[in-house]
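To start, the structure under review is shown below, and the notes come after it.
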Amino acid sequence: MKIVVSELIWEEGLQILSELGNVVYDANLWKQDLARELVDADALVVRNQTRVTRELIQAAPRLKVIGRLGVGLDNIDLAAAREAGIPVVYARNANAISVAEYVFAAMLTFARRLEEATAHVKGGGWNRRLYTRMELYGKTLGLIGTGEIGTRLAYRAQAFGMKILGYDPFVPPYEVACTEFGVQLTDLKTVLSQADFVSLHVPLNNATRNLINRETLSLMKPSAYLINTARGGVVNEEDLYNVLREGKIGGAALDVLAQEPPQDSPLFKLDNVILTPHIAGLTEEAQVKTSVLVAQEVVKILRGEPSSCVVR
Ligand SMILES: NC(=O)c1ccc[n+]([C@@H]2O[C@H](COP(=O)([O-])OP(=O)(O)OC[C@H]3O[C@@H](n4cnc5c(N)ncnc54)[C@H](O)[C@@H]3O)[C@@H](O)[C@H]2O)c1
Ligand SMILES: O=C(O)CC[C@@H](O)C(=O)O
């Protein structure tokens, strides 16, 4: 078996793959001539930067499985994989806790401004009144998408005494969790207009691209914060920039951008923006879990065994 891994994988996952076959691994392979490497490959394992296009799939006549070291599948042509009879397995739920904790870090950063207060003290200041901030207790968290991450975030927000509103038109699989974790399911307009923090947890697809735009942003309270750990394409960045510059919302935390890595962006110049390099799911714990899970599921498919992580 030849297993090609074109992006970063943790050692624990590599070990499992190596027991089954010959692993060709280079974290930068996605930037190189991947099609040539796939001519005789049985499996391809990617993260989010490899564009698994129809052409790439057609260049891999022996391919039996595609493994995605993560959750978002917007970089894989799922229709082409399906037509070619190639199952795609992914790390469902493996990084959900990490992303939920990142959202808390962002909310608490906006609520308490510890970095600014630290800079103030290190610069010789001691103005306590200047750093009087707010509690998360009693504030409203608005979830757009109440799947694996959304419901884990709700569980944590409930413990903080937050009110939780959720919008998800396809919620049935998570309805029980929503009820248990206090999510009041409602429409998009209500979530946007009532939340103090709006957090995005939807996949990027034709229905969600630019879901957050000038019109939807205008529904948010002037004091509210937007947190995007989903995909850059879900937010129209130009509209967000204008709304932030005009002070029409309180701020935004963006872990994901439409172009990654970004070229220079006007967002860099704004004080009310937190920007991180797509790290919400990037903790040691989540990455070990992700690498092991995907490696195990790839191995199952190559052995002809059923996998519970196949994309439907
Ligand atoms: N920044 C990171 O490191 C990171 C890590 C993990 C996942 N993600 C992103 O977060 C997304 C969500 O992950 P998840 O594990 O919660 O996925 P999930 O599939 O468990 O949940 C997604 C939810 O979105 C809902 N949804 C789909 N279309 C919608 C729409 N138009 N409006 C409202 N809701 C809609 C679905 O019904 C589902 O409940 C992923 O697709 C991925 O793009 C980012
Ligand atoms: O693959 C990655 O490193 C990003 C992870 C995250 O965006 C995901 O969709 O799981």
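Throughout, residue positions are numbered sequentially from 1 according to the sequence presented. First listed ligand is number 1; within each ligand, the first listed atom is number 1.
With a 6.0 Å radius and a threshold of 12 heavy atoms from other residues, nucleotides or ligands, Glu115 has its CD atom at or below the threshold. Heavy-atom contacts from other residues, nucleotides or ligands closer than 6.0 Å to CD of Gln32 number more than 12. Taking a 6.0 Å sphere around CG of Asp271, one finds it holds 12 or fewer heavy atoms contributed by other residues, nucleotides or ligands. Residue Glu215 qualifies as open at atom CD: its count of foreign heavy atoms under 6.0 Å is 12 or below. More than 12 heavy atoms of other shown residues, nucleotides or ligands fall within 6.0 angstrom of atom CD in Glu260.
With hydrophobic clusters built from ILVMFWY side chains whose heavy atoms lie under 4.5 angstrom apart, Leu14 shares a cluster with Leu302. In the hydrophobic cluster analysis, where Ile, Leu, Val, Met, Phe, Trp and Tyr join through side-chain heavy atoms closer than 4.5 angstrom, Ile3 is grouped apart from Val46.
Closest protein heavy atom to atom 25 (C) of ligand 1: Asp168 OD2, 3.2 Å. The nearest protein atom to atom 8 (N) of ligand 1, hydrogens excluded, is given as Thr229 O, 3.7 Å; this is a heavy-atom distance. Ranking the protein heavy atoms by distance from atom 28 (N) of ligand 1 puts Phe170 CE1, 3.5 Å first. Of the protein's heavy atoms, Gly281 N, 3.0 Å lies nearest to atom 3 (O) of ligand 1. Ala230 O, 3.5 Å is the protein heavy atom nearest to atom 9 (C) of ligand 1. For atom 21 (O) of ligand 1, the nearest non-hydrogen atom of the protein is Gly147 CA, 3.4 Å. The nearest heavy-atom contact from the protein to atom 15 (O) of ligand 1 is Val71 CG1, 3.4 Å. Of all protein heavy atoms, the one closest to atom 6 (C) of ligand 1 is Asn95 OD1, 3.3 Å.
Residue His201 touches ligand 1 through its backbone alone, judged by heavy-atom distances below 4.0 Å. In Val202, the parts holding a heavy atom less than 4.0 Å from any atom of ligand 1 are both the side chain and the backbone. Contacts with ligand 1 closer than 4.0 Å are made by heavy atoms of both the backbone and the side chain of Ile149. The proximity of Tyr174 to ligand 1, defined as any non-hydrogen pair under 4.0 Å, is limited to the side chain. Contacts of Val99 with ligand 1, taken as heavy-atom pairs under 4.0 Å, involve the side chain alone.
Relative ring orientation between Phe160 and Phe104 is described as tilted, the plane-to-plane angle lying within the 30° to 60° band. By the 30° and 60° cut-offs, the orientation of the rings of Tyr131 relative to His120 is tilted.
Nearest-heavy-atom check against atom 2 (C) of ligand 1 across Arg209, Arg152, Glu148, His278 picks out His278. Taking only non-hydrogen atoms, the option from Ser98, Ala100, Pro203, Ala280 nearest to atom 41 (O) of ligand 1 is Pro203. In the candidate list Thr208, Ile144, Thr151, Thr208 is nearest to atom 30 (C) of ligand 1, counting heavy atoms.
Residue-ligand proximity: Pro169 is placed with a non-hydrogen atom under 4.0 Å from ligand 1. Residue Leu204 places every heavy atom at 4.0 Å or more from ligand 1.
Side-chain atoms of Asp255 come within 3.5 Å of backbone atoms of His278 as a donor-acceptor pair (strictly under, hydrogens ignored).
Ion pair Glu101/Arg152 not flagged as a salt bridge, since none of the NZ, NE, NH1 or NH2 atoms sits closer than 4.0 Å to an Asp/Glu carboxylate oxygen.
Between Asp77 and Thr53, the side chains place no donor N or O within less than 3.5 Å of an acceptor N or O (distance only, hydrogens not considered). Remark: the Ser291 side chain and the Glu12 side chain contain no N/O donor-acceptor pair separated by less than 3.5 Å.
Taking 4.5 Å as the limit, some side-chain heavy atom of Val88 sits within range of a side-chain heavy atom of Leu78. In this structure, the side chains of Leu141 and Met107 come closer than 4.5 Å at one or more pairs of heavy atoms.
Annotation: Asn205 places no N or O atom under 3.5 Å from an N or O atom of ligand 1; distance criterion only.
Protein residues with a heavy atom under 4.0 Å from ligand 2 are Arg47, Asn48, Arg68, Leu69, Gly70, Val71, Gly72, Asn95, Arg231, His278.
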